[in-house]
Amino acid sequence: MTYDLVIRGGTVATASDVVRCDVGIRGGRVAALGADLPRGEKEIDATGRYVLPGGVDSHCHIEQPGSVGGQNADTFVTGTTSAACGGTTTVICFSPQKRGGSVKEAAENYHRIASKSVIDYSFHIVINDPSEQVLEELPKLIEDGHRSLKIFMTYDSNFVDDSQVLKILEVARRNQALVCVHAENHEAIKWMTARLLDAGLTHPRYHSWSKPPVVEREAVHRVIALAEMVDQPIQIFHVTCGEAAEEIRRAQARGLKVFGETCAQYFVLTEDDMDRPGFEGAKYICSPSPRHAREHDALWRYVASGTLDIVTSDHAPYMYEGPTGKKVRGDNAPFNIIPNGVPGVETRLPIVFSEGVVGGRIDLSTFVAITSANPAKLFGLYPKKGTIAVGADADIAIWDPARKVTIRNDDLHSAMDYTPFEGMEVTGWPVMTISRGEVLWNNGEVTAEPGRGEFLARDPYDYIKPRGIFPTPFDPITGEVGSSR
Ligand code: DUC
Ligand code: ZN
Ligand code: ZN
C-alpha cells in the first residue's frame, strides 16, 4: 500500500529522540518512520528542516463568551488559523460558566461556537460558582470528555474561595478530571489595588505593583495544600516567577501530583513593558503580571529541571483600539479595570524555540516536550497528539531552524491589532503545518478550511490518577478509615 504523503529527508524530533528519517502518512495518521520509504502520492522535501509534532497549546482563550473584562478579538476561524500558521495543531480553550448559570448549557453553546475551528480542539470547563446545580452537572460533562476544570482564585467576577475550591477538587477527584488553577491571592490584590488608587497611581505600570510575586506564591502554596487534602492532581497555570515555581518543586519532591505551566510571554516581557507612555502599557497587561527580567532566567531553570513542564501561550486577544478590548472602559482607564491578557498563539513556538533551543537553554527534545508532548500527556491526548509515532495523528510542523524573523503583527494571522512582541527578532519558524495529513499552512499560504477541526473528547487516563494517599488515615472520598499515610 502506498502512502498518501511522505515527508522526506528531514530531522524528526520527538520528546525522546532526534532521528534523520522519512515519515509516511496514510489516512491522516503516521504509518511508517524509516529511511528511504517508497514514494507517496504526494511528497514533501524536508531536507535541512526539523520535522516536529504539531504544537499542543493547552491554554487559549478563543471566542470565549464573557472573557475576563472584554471581548476576544479572535473567532475560532482566525484564532485557530493563527495557531496553525505558528505550528500549533491542537488547542484547548475555555468554556466559561456564568455565575448562577449552568456549566452544561455553557458547554453546549461553546461547542456550537468552536465548530468552525480549523484545527482539533478540546475544552476546559471554567467554574465561577460551584452551585448545587453545577456540582450535579459536572459528572456527565466530565464523562463526555471534558476532563479538565479551571478555577480562578482571584477576580471579583470569577474567584472561588477555599471552601468552594475544596468542593471543586472533590468533584474532580470523584469523576477523574484535572483541576487547573489561576492562583493569586484575591484579598491581597484588592487591598493593594485600593491603596494604589487612593494614592492616585492608576497608570498601567501599577498593574504589577498591585499583584507582586508574593500574591502568586501564597495562592500556589494554598491551593497545593488544599489539593493535598483531597488527593487531587492539579496544574498551576501561568507561573511567572521563581518563588511560585519553588512551591511546585517542593510539592513534587513530596510526591504530589502538582504540575506547573508557564507561558512564552513570561520569558520575554517585563514589568517595564507596562511602563510605556500614555496607555501603551495596557498592551502588556496580563495576569499574573510580567515580572522583573531576573525572573526569565529563574523560569528557564525550573523548565530545564522539569518543575514547569508545559509552556503555553495563554492567548487572550483583546484589541488595543476600539470599544471591546483594552479600551473597553476608556483610553485612560485605571490599571485594575483594563482587560488582562495578551495574544500569542502564533508566536508561542517561535519565541520558545528561539529563546530556548537557539539560546542554548534547552535541547530540541525538551522543546518538543514542553510545547507538545507534555500538554498532550497531561490532558489525556497522548499519543494521538504530541508525538510522531506509528498510529499517531499526522499532526506535524516542519521547521526552518535557521530562518530569522522579525515579528510584525501585520504578518500574523490573528484578528488582533497588535502583538506585544512587535519588533522582536527570533531564529526558527515553522514553514509548513500539517493536521491529520492535511497541509494547513505552507510557507506563507493558508489552506486551512474552517470547520475541519474536530472536538477531542478525553477518556480517563493514567497520568492524572490520584495517588490514594491522604494526610490522615481517613479517606474523605470513600468515608473509610484505612492506613494510606
Ligand atoms: N488568566 C488567564 O488565564 N487568562 C487571561 C486572563 C487571566 O487572568
Ligand atoms: Zn489565569
Ligand atoms: Zn488564560
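Whatever order the structure lists ligands and atoms in, that order sets their numbers, starting from 1.
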> Any idea which N/O/S atom from H61 gets closest to the Zn ion (ligand 3)?
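The H61 atom nearest to the Zn ion (ligand 3), restricting to N, O or S, is NE2.
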> Hey, does F379 have a side-chain heavy atom less than 4.5 Å from the side chain of Q235?
yes
> Considering only heavy atoms, does F237 approach ligand 1 within less than 4.0 Å through its side chain, its backbone, both, or neither?
neither
> Please list, in number order, the atoms of ligand 1 under 4.0 Å from a heavy atom of N340.
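Those of ligand 1 that fall under 4.0 Å from N340 are 5 (C), 6 (C).
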> In Å and rounded to the nearest 0.5 Å, what is the CG to CD1 distance from D57 to I310?
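Answer for the CG-CD1 pair, D57 versus I310, is 10.5 Å.
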> Can you classify the ring geometry of W441 versus H413 as parallel (below 30°), tilted (30 to 60°) or perpendicular (above 60°)?
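W441 and H413: perpendicular rings.
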> H182 to ligand 1: N or O pair under 3.5 Å?
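Looking only at distances, the answer is yes, because the N/O contact criterion of under 3.5 Å is met.
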> Nearest 0.5 Å, please: how far is OG1 in T75 from NZ in K116?
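Between atom NZ of K116 and atom OG1 of T75 there are 9.5 Å.
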> Tell me, please, which residues at least two apart from Y266 pass ring pair (Phe, Tyr, Trp, His ring centres under 6.0 Å).
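Y266 satisfies ring pair (Phe, Tyr, Trp, His ring centres under 6.0 Å) with no other residue.
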> For H61, take its heavy atoms, then give the atoms of ligand 1 lying under 4.0 Å from any of them.
2 (C), 3 (O), 4 (N), 5 (C)
> Which of the atoms of ligand 1 are close to K150, meaning less than 4.0 Å from one of its heavy atoms?
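Here the atoms of ligand 1 in question are 2 (C), 3 (O).
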> Measure up the H238 and H59 rings against each other and bin them: parallel (under 30°), tilted (30 to 60°), perpendicular (over 60°).
tilted
> Any idea which atoms of ligand 1 are less than 4.0 Å away from a heavy-atom of S287?
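Listed by number with element: 1 (N), 7 (C), 8 (O).
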> Around the Zn ion (ligand 2), what protein N, O or S atoms are found below 2.8 Å?
H182 ND1, H238 NE2
> Determine, step by step, whether F123 and H111 satisfy the ring-ring contact (aromatic ring centres under 6.0 Å, His included) criterion, reporting the C-alpha distance in whole Å, the side-chain angles of both residues, the deciding distance to 0.1 Å, and the verdict.
CA-CA 9 Å; F123 294 168; H111 273 283; 4.5 Å; yes
> Has H59 got an N, O or S atom lying less than 2.8 Å from the Zn ion (ligand 3)?
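Checking the Zn ion (ligand 3) against H59, an N, O or S atom does fall under 2.8 Å.
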> Quick one: does S122's side chain have a donor or acceptor within less than 3.5 Å of a partner on L456's backbone?
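Indeed, once roles are kept as given, a pair shorter than 3.5 Å links the two residues.
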> Under 30°, 30 to 60°, or over 60°: which ring-plane class applies to F237 and F94, parallel, tilted or perpendicular?
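Ring orientation of F237 relative to F94: perpendicular.
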> May I ask you to test the P420-D273 pair for a side-chain heavy-atom distance under 4.5 Å?
no
